[in-house]
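In what follows, every heavy atom counts, from backbone to side chain, and hydrogens, waters and symmetry copies are set aside.
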Amino acid sequence: MTILETIRGPRDLKALSEAELGELSEEIREFLVHAVARTGGHLGPNLGVVELTVALHRVFESPADRILWDTGHQSYVHKMLTGRQDFSKLRGKGGLSGYPSREESEHDVIENSHASTALGWADGLAKARQVQGEKGHVVAVIGDGALTGGMAWEALNNIAAAKDRPLIIVVNDNERSYAPTIGGLANHLATLRTTDSYERVLAWGKDVLLRTPVVGNTIYESLHGAKKGFKDAFAPQGMFEDLGLKYVGPIDGHDIKAVESALRRAKRFHGPVLVHCLTEKGRGYEPALAHEEDHFHTVGVMDPLTCEPLAPSNGPSWTSVFGDEIVRIGEERDDVVAITAAMLHPVGLGKFAERFPGRVWDVGIAEQHAAVSAAGLATGGLHPVVAVYATFLNRAFDQLLMDVALHRCGVTFVLDRAGVTGVDGASHNGMWDMSILQVVPGLRIAAPRDAEQLRLQLREAVAVDDAPTLVRFPKESAGPEIPAVDRVGGIDVLHRGEDARVLLVAVGVMAPVCLQAAELLAARGIACTVVDPRWVKPVDPALPGLAAEHELVAVVEDNSRAAGVGAAVALALGDAEVDVPVRRFGIPEQFLAHAKRGEVLADIGLTPVEIAGAIGASFERRGVQGAEGGAAGGRAAGAGSSGLVAQFLPQPSAGGTPSALRGASVEGAVMDGAYEEKE
Ligand SMILES: Cc1ncc(C[n+]2csc(CCOP(=O)(O)OP(=O)(O)O)c2C)c(N)n1
Ligand SMILES: CC(=O)[C@@H](O)[C@H](O)COP(=O)(O)O
Ligand SMILES: [Mg+2]
């Protein structure tokens with residue numbers, strides 16, 4: 001039995017000898033490489049926090065002491081030490097989440113996977129403890145990358161203000177986000193890191209003193225815990241100390257004894273203290289250390305020996321299509337520049353940066369700054385393209401609204417990972433953008449259905465220089481091209497059934513789903529017209545006219561149903577006094593549990609079968625009520641026409657939950673339903 005197998009919880013760590021701790025660290029690394037290679041996940045970050053996590057759980061008493069993980073992608077070791085070692089379904093349906101999860105363990109607090117929030121959480125928790133006179137430490141582990149996020153500094157400002165409120169910040173400094181961390185902070189951390197005189201003395205202390213009988217250890221501890229004066233002589237403490245935080249470090253984050261010693265000192269301190277640990281992302285696994293791009297920040301399913309990807313590729317990814325096209329655009333227009341928030345390669349700007357090094361900026365994990373600086377760039381005469389994951393744009397909503405849109409800046413936002421991403425869990429799905437951004441005056445939103453449309457719509461977007469534009473596409477492969485058979489206004493007609501009764505509005509990547517649903521409906525004698533609006537905001541003026549030719553409109557989007565494209569279409573039909581019922585298929589208002597994208601879409605009913613089934617069933621019911629309720633075609637259906645409205649509300653399936661919602665972790669979705677009569 002390995003030592004790791006004996007660890008059922010943090011208590012089991014306490015009695016381990018130094019040698020056993022070294023062995024345990026090796027076992028953990030071995031476990032991580034094989035487990036994460038099998039499922040995919042965050043390998044590099046977790047290899048970098050093995051000793052740090054062991055030390056944390058030896059010094060503190062989790063869960064009485066709260067250990068918070070910023071972003072949480074580096075919490076696998078924490079999970080292994082708190083009773084969770086079955087990684088066989090990591091990030092898979094029913095398996096361990098890739099982030100902390102309160103459902104999984106009392107040791108977990110922050111689930112959100114969005115960077116730079118842990119210090120804020122810690123500030124709140126520490127205040128709550130102080131107000132309630134509760135014992136127990138609050139420890140926040142934050143990476144050097146997450147420390148470049150504005151929220152971290154808002155929190156630091158508050159934490160440093162309370163000299164008497166104990167709170168421990170552990171900076172896990174591996175000098176990288178994905179790529180090397182950028183900016184003034186990174187340089188400051190480097191100063192602290194590379195003050196080699198301090199480190200030399202420290203190394204000497206560790207080497208000589210620890211071998212000195214009796215007094216050696218004590219002297220080493222005091223050296224290591226040296227007062228400000230000593231360290232100032234060797235390592236400028238600067239910013240953190242000037243802020244009012246006690247600074248402890250830099251500490252070798254892979255030396256369990258050293259980290260424990262620093263944490264114990266921090267534990268005794270009756271105020272906010274920052275422990276600066278130096279770690280290596282990908283530590284102990286050569287292929288990760290050699291991987292310059294991101295030290296295996298995330299890996300797909302791969303062979304642990306050769307690192308060859310084992311998951312089949314289904315053709316070019318949406319990201320690579322964007323990455324190639326933006327370079328072509330950059331060749332033609334030297335006013336086009338680009339911004340990334342610490343994710344140059346993940347968002348596909350690697351080639352652009354290589355080709356135009358002076359026209360791309362990595363602003364750190366700072367999406368709000370990305371948006372505001374883009375407003376500046378646009379006002380300065382350039383056309384910035386801000387490329388972020390859809391879910392991370394949430395935090396830059398106000399900057400998009402009040403800095404970019406209010407000033408009618410020609411900025412193009414490119415949202416990768418829009419829609420259901422799946423394995424990264426609830427906080428990573430790009431499911432809110434087409435809802436929250438509906439209210440931004442002047443913003444135009446495009447949702448391409450295939451690679452060719454992405455290229456075209458990206459060009460249409462960067463051609464607009466007096467308003468913000470946004471192009472959004474999902475994770476994974478771009479799929480086959482879907483040709484249009486006609487164009488009405490700005491709308492592509494993808495399929496026109498004879499005597500069509502249903503207008504299926506396919507938003508972006510839901511086009512194939514709608515085409516298949518149309519086939520299923522045709523088999524039930526219900527012909528459809530399938531259209532792709534391409535630009536979903538504002539609603540194309542030709543849409544109400546198209547709708548008026550049908551008995552029912554169904555809008556299908558990989559976005560929240562609440563206030564999404566479907567709602568906008570319903571509004572547009574109402575404004576045009578086109579009284580055709582609108583049924584909205586999208587993501588119900590709930591947080592989606594982690595699973596593969598296809599599994600999640602099936603769970604929430606965004607599949608051809610479920611969509612066709614829901615539409616077909618309502619037509620069959622209408623067939624009965626239709627005779628009583630007047631001519632087919634655009635019957636008025638608004639609030640109060642209970643017959644029509646009733647039939648569009650979720651009909652309890654055998655399991656009591658509407659089939660479209662079966663299997664998802666539903667909160668309030670019964671009221672929401674997977675489809676609903678237009679308001
Ligand atoms: C708001 C936000 N933007 C971007 C990301 C994507 N992201 C996940 S981890 C990461 C890098 C984090 O670097 P760091 O905090 O240093 O942690 P490390 O991976 O080095 O341990 C980024 C950019 C995110 N999770 N949240
Ligand atoms: C933790 C984080 O936010 C990123 O690392 C994210 O998990 C990457 O997602 P993709 O794997 O879809 O690029
Ligand atoms: Mg880092």
Side-chain angles (χ1 to χ4, degrees), residues 371 374 385-388 390-391 393-394 396-419 430-449 453-454 456-474 487-492 503-511 514 531-547 553-576 578 582 584-587 678-679:
V385 173
V386 178
V388 294
T391 188
L393 185 69
N394 293 353
F397 168 76
D398 189 60
Q399 291 74 20
L400 196 165
L401 179 70
M402 284 297 144
D403 295 288
V404 178
L406 177 67
H407 300 88
R408 290 193 292 281
C409 295
V411 174
T412 296
F413 292 87
V414 172
L415 302 193
D416 197 335
R417 275 43 175 200
M431 55 186 270
W432 297 283
D433 56 296
M434 292 195 296
S435 296
I436 56 179
L437 298 177
Q438 290 292 345
V439 299
V440 179
L443 171 67
R444 303 171 199 183
I445 299 177
R449 64 175 182 272
Q453 286 302 314
L454 171 51
L456 292 172
Q457 292 168 27
L458 179 61
R459 285 179 173 275
E460 292 161 25
V462 297
V464 176
D465 58 12
D466 62 353
T469 51
L470 183 145
V471 183
R472 54 104 70 182
F473 47 80
R487 164 86 53 111
V488 176
I491 299 169
D492 274 355
L503 177 66
L504 266 173
V505 179
V507 176
V509 73
M510 301 315 282
C514 291
V531 296
D532 165 12
R534 301 181 73 253
W535 290 84
V536 293
K537 178 186 182 333
V539 173
D540 193 291
L543 195 64
L546 270 175
V553 175
V555 182
V556 184
E557 58 192 298
D558 191 4
N559 180 80
S560 173
R561 295 180 63 256
V565 176
V569 167
L571 204 56
L573 265 57
D575 292 349
V578 170
V582 175
R584 296 180 282 148
F585 292 89
I587 302 171
K678 75 170 181 168
E679 273 93 21

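Counting heavy atoms from C-beta outward, Val565 and Lys537 have side chains that stay 4.5 Å or more apart. Leu470 places a side-chain heavy atom less than 4.5 Å from the side chain of Leu393. Considering only heavy atoms from C-beta on, Pro441 stays 4.5 Å or farther from Leu406 through its side chain. Counting heavy atoms from C-beta outward, Leu503 and Leu543 have side chains that approach closer than 4.5 Å. Residues Ile491 and Asp532 fail the side-chain proximity criterion, which asks for heavy atoms closer than 4.5 Å.
A donor-acceptor pair under 3.5 Å is formed between the side chain of Glu557 and the backbone N or O of Gly566. Under the 3.5 Å distance criterion, the side-chain polar atoms of Arg561 are matched with a main-chain donor or acceptor of Arg584.
Every residue meeting the side chain to side chain contact (heavy atoms under 4.5 Å, CB included) condition with Ala572, not counting sequence neighbours, appears here in chain and number order: Val539. In this view, Asp433 and Arg472 satisfy the salt bridge (charged side-chain N to carboxylate O under 4.0 Å, His left out) rule, not counting sequence neighbours. Applying the salt bridge (charged side-chain N to carboxylate O under 4.0 Å, His left out) criterion to Asp492, with sequence neighbours excluded, gives Arg449, Arg487, Arg534.
Counting all heavy atoms, side chain and backbone alike, Pro474 lies closest to Asp416 at O-OD1, 3.7 Å. Residues Val488 and Ala542 come closest through the heavy atom pair O-CB, 3.8 Å. The minimum heavy-atom distance between Ala371 and Val404, with the atom names listed, is O-CG2, 3.5 Å. The two residues Val507 and Met434 have their closest heavy-atom pair at CG1-CE, 3.7 Å. Scanning both residues, Val582 and Ala570, for their nearest heavy atoms gives CG2-CA, 4.0 Å. Among all heavy-atom pairs drawn from Ser435 and Asn559, the shortest one is OG-ND2, 3.0 Å.
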Report task. Take Trp535 and Glu460, measure what side-chain contact (heavy atoms from CB on, under 4.5 Å) needs, and give me the verdict at the end. Result -> CA-CA 10 Å; Trp535 290 84; Glu460 292 161 25; 2.6 Å; yes

Query - Full working for side-chain contact (heavy atoms from CB on, under 4.5 Å) between Val388 and Leu415 - result: CA-CA 5 Å; Val388 294; Leu415 302 193; 3.6 Å; yes

Report task. Show your reasoning for whether side-chain contact (heavy atoms from CB on, under 4.5 Å) applies to Phe397 and Leu437. Result -> CA-CA 8 Å; Phe397 168 76; Leu437 298 177; 3.9 Å; yes

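Rounding to the nearest 0.5 angstrom, the gap separating the CH2 atom in Trp432 from the CD1 atom in Ile587 is 8.5 Å. One distance of note links CG of Asn394 with CG of Leu400; it measures 11.0 Å at 0.5 Å rounding.
Other residues, nucleotides and ligands place no more than 12 heavy atoms under 6.0 Å from the CZ atom of Arg408.
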